[in-house]
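In listed order, ligands and their atoms are each counted from 1. In what follows, residues are counted from 1 in the order of the sequence shown.
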Amino acid sequence: MALRARILGAAAGGGLPQWNCGCPNCDAARAGRIPSQTQSSLAVTGNGRDWAVLNASPDIRQQLANCPDLHPTGLREMPLRSVLVTNGDIDHVAGLLTLREAQPFALMATAAIHEVLDANPIFGALNPGLVRRETVALDRPFPLAPGLTAELFPVPGKVPLYLEGDRVETDLVGEQTVGVRLEAGGTKAFYIPGCAAVPPDLAARLAGAALVFFDGTLWRDDEMIRAGLGEKTGRRMGHISMSGPEGSIRAFAGLDVGQKVFVHMNNTNPVLDPSSPERAEAEAAGWIVGQDGLEIVP
Ligand code: MLT
Ligand code: MN
Ligand code: ZN
């Protein structure tokens with residue numbers, strides 16, 4: 001038994017390149033000067049045979065095709081046992097529609113996220129006789145796949161963009177945005193692709209972990225505004241930034257985490273360019289910038 005994790009998609013919603021974006025990174029990815037990245041998803045196994053997919057991105061069809069461990073093992077036999085979603089965002093749930101071809105698996109989420117899915121009749125395309133919708137309580141370990149235990153815990157975040165009302169709380173702590181603790185054979189890892197801040201209780205939870213995949217959406221809080229691509233800060237989107245006094249690099253500096261891996265990078269994030277000074281700065285601080293297909297064994 002050994003925990004293994006494979007990044008299926010390292011980018012945030014939109015991917016790299018994003019279809020309608022002409023920013024320097026997207027242009028560079030289109031031209032093949034920097035690697036393209038698909039949208040946010042992680043595959044994990046505790047025994048090398050049975051897999052869970054954390055977040056179902058709109059790119060899941062290609063992501064599964066690119067991952068031999070997740071190919072069919074028989075006519076309609078798959079190593080995929082469960083799909084767990086950490087929030088209701090489009091980049092994390094739209095891929096469920098691709099998984100509709102009469103294949104059994106467990107669809108796991110908190111009650112609040114299941115409510116969002118249940119309220120969208122299109123997800124009825126997942127045959128309820130085959131896809132079991134399992135509600136997961138916070139802070140209680142549960143079997144995610146054979147040989148793999150998980151536990152969900154709340155992290156600061158917000159409701160999905162398409163459910164935002166006039167007033168938006170960007171640091172809600174509850175069932176809308178969760179992190180995942182993974183354990184197999186005594187090895188522990190964390191997956192937190194969306195997170196607005198690292199308060200002391202989260203820092204304490206992560207301290208000493210062998211491996212943490214963490215929200216790497218933006219390098220700077222006002223990155224999208226500076227790029228001329230929108231009015232929102234990272235904070236407004238419910239995402240902590242990497243740099244700065246309140247950023248994730250600073251927040252993790254004293255936490256003694258074995259391997260720190262950024263995931264869910266927005267296409268404007270300069271770290272997506274392997275030759276950028278920001279990439280060098282993140283790596284110098286001990287971070288791995290995730291990329292599609294990267295496999296990590298804690
Ligand atoms: C996010 O991570 O903030 C969301 O995926 C944004 C979106 O839904 O486009
Ligand atoms: Mn997202
Ligand atoms: Zn772009």
Side-chain angles (χ1 to χ4, degrees), residues 7-42 53-60 63 84-97 109 113 116-117 120 122 155-165 168-172 176-180 191-197 213-242 248 262-273 276 278 290 292:
I7 298 177
L8 296 183
L16 174 71
Q18 177 175 308
W19 72 282
N20 63 342
C21 190
C23 80
N25 273 350
C26 287
D27 282 346
R30 261 181 223 105
R33 293 193 301 272
I34 65 173
S36 293
Q37 308 293 341
T38 61
Q39 295 168 80
S40 179
S41 183
L42 186 79
V53 166
L54 310 184
N55 291 323
S57 101
D59 298 319
I60 195 164
Q63 291 169 341
L84 182 149
V85 299
T86 60
N87 60 23
D89 286 356
I90 292 173
D91 54 349
H92 288 164
V93 304
L96 292 171
L97 298 176
I113 299 172
V116 173
L117 299 177
N120 280 277
I122 197 167
V155 297
K158 64 170 186 63
V159 298
L161 184 56
Y162 57 87
L163 293 178
E164 286 184 3
V168 182
E169 279 183 76
T170 54
D171 54 359
L172 280 180
Q176 290 291 348
T177 308
V178 297
V180 188
Y191 172 63
I192 308 170
C195 186
F213 294 94
F214 195 75
D215 185 344
T217 307
L218 299 179
W219 175 257
R220 341 173 20 127
D221 194 48
D222 60 355
E223 180 175 313
M224 299 195 55
I225 300 168
R226 283 170 171 247
L229 292 171
E231 295 167 354
K232 284 187 191 168
T233 59
R235 208 180 302 268
R236 171 61 186 78
M237 294 188 292
H239 295 291
I240 191 174
S241 302
M242 295 180 176
S248 51
F262 280 127
V263 290
H264 192 276
M265 269 80 66
N266 191 60
N267 55 68
T268 52
N269 193 323
V271 302
L272 287 166
D273 178 347
S276 68
E278 292 86 354
D292 286 18

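Side chain of D91 to main chain of G14: no donor-acceptor pair is present (N/O by atom type, distance under 3.5 Å, no hydrogens or angles).
If you check which protein heavy atom lies closest to atom 5 (O) of ligand 1, you get D91 OD1, 2.9 Å. The nearest heavy-atom contact from the protein to atom 9 (O) of ligand 1 is L161 CD2, 4.0 Å. Here the protein heavy atom with the shortest distance to atom 4 (C) of ligand 1 is D89 OD2, 3.2 Å. Here the protein heavy atom with the shortest distance to atom 2 (O) of ligand 1 is H239 NE2, 2.8 Å.
Side-chain N/O atoms of T86 and N55 include a donor and acceptor closer than 3.5 Å.
Nearest N, O or S atom of D91 to the Mn ion (ligand 2): atom OD2.
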Evaluate the criterion side-chain hydrogen bond (donor to acceptor under 3.5 Å, both in side chains) for residue pair D292 and T38; output intermediate values, then yes/no. CA-CA 7 Å; D292 286 18; T38 61; 2.7 Å; yes
I would like to know whether M224 and L218 meet side-chain contact (heavy atoms from CB on, under 4.5 Å); could you show each step before the answer? CA-CA 8 Å; M224 299 195 55; L218 299 179; 4.1 Å; yes
Can N120 and V93 be said to form a side-chain contact (heavy atoms from CB on, under 4.5 Å), step by step? CA-CA 11 Å; N120 280 277; V93 304; over 6 Å; no
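Residue contact check: H264 has heavy atoms under 4.0 Å from atoms 2 (O) of ligand 1.
Computed with the Zn ion (ligand 3) at the centre, the C21 SG to N267 OD1 angle is 110°, stated to 10 degrees.
Proximity of H92 to ligand 1, defined as any heavy-atom pair under 4.0 Å, is not found for any part of the residue.
Residue H92 does not count as close to the Mn ion (ligand 2), with no N, O or S atom under 2.8 Å.
For the pairing with R236, the salt bridge (Lys or Arg N to Asp or Glu O under 4.0 Å) check across E169, E231, E164 returns one residue only, E164.
Annotation for I122: atom CD1 does not count as buried by contact number, only 12 or fewer foreign heavy atoms lying within 6.0 Å.
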